[in-house]
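For ligands, and for the atoms within them, numbers begin at 1 and follow the listed sequence. Throughout, numbering of the chain's residues begins at 1 and tracks the sequence. Treat the numbers as computed from the prediction; the structure is a model and nothing was measured.
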Amino acid sequence: MSSREVKRIVILTGAGISAESGIPTFRDKGGIWERYRLEEVATPEAFRKNPDLVHEFYNLRQRELLKVFPNAAHHALAELERKYPGGMLIVTQNVDDLHERAGSKNVIHMHGELLKVRCEKCGHIFRTEGEIFTSTVCPACNQKGGLRPHIVWFGEIPFHLEEIYRVLEICDLFVAIGTSGTVYPAAGFVEIARQAGAWCVELNLKPSAVADLFHEQHYGPATRVVPAFVQELLQSQKRKL
Ligand code: NAD
């Protein structure tokens with residue numbers, strides 16, 4: 001790690017941080033897209049064509065999520081947020097709630113949340129751990145047929161981009177964890193942070209598609225490299241005090 005002073009940290013997380021909790025990644029062997037066809041379950045067109053199948057897919061993913069737990073990497077980031085004297089924001093591409101369950105407070109879900117549902121008729125967004133069907137009634141407008149997963153599907157614009165770009169442009173340290181660097185705009189965040197003068201670190205099982213853009217890289221499973229990196233960061237901060 002560079003010895004420069006770090007005040008604001010932005011951490012981008014991807015499917016790799018949740019892999020050891022038992023949530024399969026998208027693109028790795030055994031990943032979700034080996035078992036389902038993307039165009040049948042994760043696009044607005046798919047939902048219009050076969051909403052029952054799309055609800056079934058997300059109800060299944062939700063049930064799987066409720067059986068798993070945050071791992072040492074999620075806990076390490078929550079500890080960093082608690083102990084770090086500067087500002088820290090997690091921007092996650094993950095739709096699971098494992099950062100929150102580990103205790104992280106400052107989390108932006110740019111691709112939505114598996115445990116939230118949105119009504120396309122009235123715009124109401126609510127949290128649910130129950131299954132959703134085309135026949136489910138919206139608790140706000142009492143209409144049926146408008147509920148959809150609060151997930152950013154392929155072809156849709158990620159949430160909170162304006163806020164994310166604003167923090168990337170003023171951050172001092174940017175850390176990307178467990179993300180393949182193939183899904184934009186998230187894959188381009190390193191370039192924005194780097195141009196803003198941030199020190200950029202990649203933590204992953206193996207080099208991502210954009211690995212060369214980082215100043216520093218650590219490879220290994222997230223449950224090993226993330227806690228080690230967090231301890232090093234907290235120690236270097238202590239030494240400065
Ligand atoms: P991805 O599947 O494209 O890449 C996963 C990355 O994680 C790879 O770079 C891989 O090397 C790394 N990885 C795998 N196991 C790891 C481990 N144990 N430790 C550290 N790194 C590990 O996933 P992505 O880059 O997040 O792709 C973006 C898309 O995937 C997003 O749209 C996101 O919403 C979605 N996604 C989310 C979840 C979730 O919510 N948990 C799960 C799968 C996919």
Side-chain angles (χ1 to χ4, degrees), residues 11-39 41-44 46 54 57-77 90-102 104 107-116 127 149-161 164 174-190 201-214 217-230:
I11 300 194
L12 172 69
T13 63
I17 196 167
S18 297
E20 289 164 87
S21 288
I23 300 181
T25 61
F26 271 17
R27 285 163 196 81
D28 295 312
K29 228 176 166 331
I32 292 170
W33 303 119
E34 273 186 5
R35 290 183 279 138
Y36 292 91
R37 282 162 55 86
L38 155 76
E39 54 280 9
V41 289
T43 65
V54 174
F57 173 68
Y58 285 98
N59 286 337
L60 172 71
R61 286 187 68 192
Q62 194 188 79
R63 277 204 301 278
E64 286 176 353
L65 172 58
L66 294 171
K67 286 188 220 148
V68 304
F69 299 94
N71 63 47
H74 299 104
H75 285 294
L77 295 185
I90 295 175
V91 177
T92 187
Q93 299 166 86
N94 295 346
V95 295
D96 65 55
D97 63 343
L98 298 181
H99 285 303
E100 287 89 345
R101 277 200 259 157
S104 289
V107 183
I108 289 182
H109 283 271
M110 63 179 289
H111 289 163
E113 293 173 69
L114 208 44
L115 298 178
K116 283 190 181 165
R127 192 187 143 89
H150 189 49
I151 298 280
V152 177
W153 284 322
F154 290 88
E156 295 185 319
I157 297 168
F159 299 142
H160 311 294
L161 279 183
I164 295 168
F174 173 77
V175 186
I177 305 174
T179 178
S180 57
T182 51
V183 177
Y184 282 83
F189 290 172
V190 57
V201 181
E202 171 164 279
L203 307 180
N204 201 319
L205 202 52
K206 54 181 193 245
S208 75
V210 290
D212 292 349
L213 296 172
F214 291 83
Q217 297 87 358
H218 300 261
Y219 296 117
T223 54
R224 179 167 60 76
V225 293
V226 177
F229 180 78
V230 165

Hey, which atoms in ligand 1 end up nearer than 4.0 Å to a heavy atom of E20? 17 (C), 18 (N), 19 (N)

Can you check whether L12 reaches Q93 side chain to side chain, under 4.5 Å on heavy atoms? yes

Between A73, A15, G220, which one has a non-hydrogen atom sitting closest to atom 26 (O) of ligand 1? A15

Does any N or O atom in T182 lie less than 3.5 angstrom from one in ligand 1, N or O only? no

Out of T92, V68, T179, who gets a non-hydrogen atom closest to atom 25 (O) of ligand 1? T179

Ligand-side contact atoms (ligand 1) for residue partner P221, heavy atom cut-off under 4.0 Å: 19 (N)

Quick check: does any side chain N or O of H111 sit under 3.5 Å from a backbone N or O of P158, one acting as donor and the other as acceptor? no

Could you go through the side-chain contact (heavy atoms from CB on, under 4.5 Å) check for H109 and N94 one step at a time? CA-CA 7 Å; H109 283 271; N94 295 346; 5.6 Å; no

Which of the atoms in ligand 1, numbered in the order shown and given with their element, are less than 4.0 Å from a heavy-atom of A19? 15 (N)

Note: ligand 1 atoms sitting under 4.0 Å from heavy atoms of I23 are 41 (N)

Rounding to 0.5 Å, atoms CZ (R127) and CG (D97) come to a distance of 5.5 Å

Do N204 and V225 come within less than 4.5 Å of each other through their side chains, counting heavy atoms only? no

Measure from atom 42 (C) of ligand 1 to every heavy atom in G181, P24, S18, P207 and give the option owning the shortest one. P24

Do the ring planes of W153 and Y58 sit parallel (below 30°), tilted (30 to 60°) or perpendicular (above 60°)? tilted

Taking E20 for its side chain and N71 for its backbone only, find out whether a donor-acceptor pair lies under 3.5 Å. no

Selection from T25, N204, I151 by shortest heavy-atom distance to atom 8 (C) of ligand 1: N204

Strictly distance-based, threshold 3.5 Å: is any side-chain N or O of S21 a donor or acceptor partner for the main-chain N or O of I23? no

Taking only non-hydrogen atoms of V95 and a 4.0 Å limit, the atoms of ligand 1 in range are 39 (C), 40 (O)

Can you find a pair of side-chain heavy atoms, one from P149 and one from R61, that are under 4.5 Å apart? no

Winner among L205, D97, T223 once heavy atoms are compared against atom 15 (N) of ligand 1: L205

If every non-hydrogen atom of S18 is compared with every non-hydrogen atom of D96, which pair is closest and at what distance? OG-OD2, 2.7 Å

Does the N or O separation between V183 and ligand 1 drop below 3.5 Å for any pair? no

Heavy-atom nearest option to atom 4 (O) of ligand 1, drawn from G14, A209, S180: S180

Any N or O on A222 sitting closer than 3.5 Å to an N or O of ligand 1? yes

Provide the number and element of each atom of ligand 1 under 4.0 Å from a heavy atom of G178. 5 (C), 6 (C), 7 (O), 21 (N)

Any idea which part of H111 is under 4.0 Å from ligand 1, heavy-atom wise: side chain, backbone, both or neither? side chain

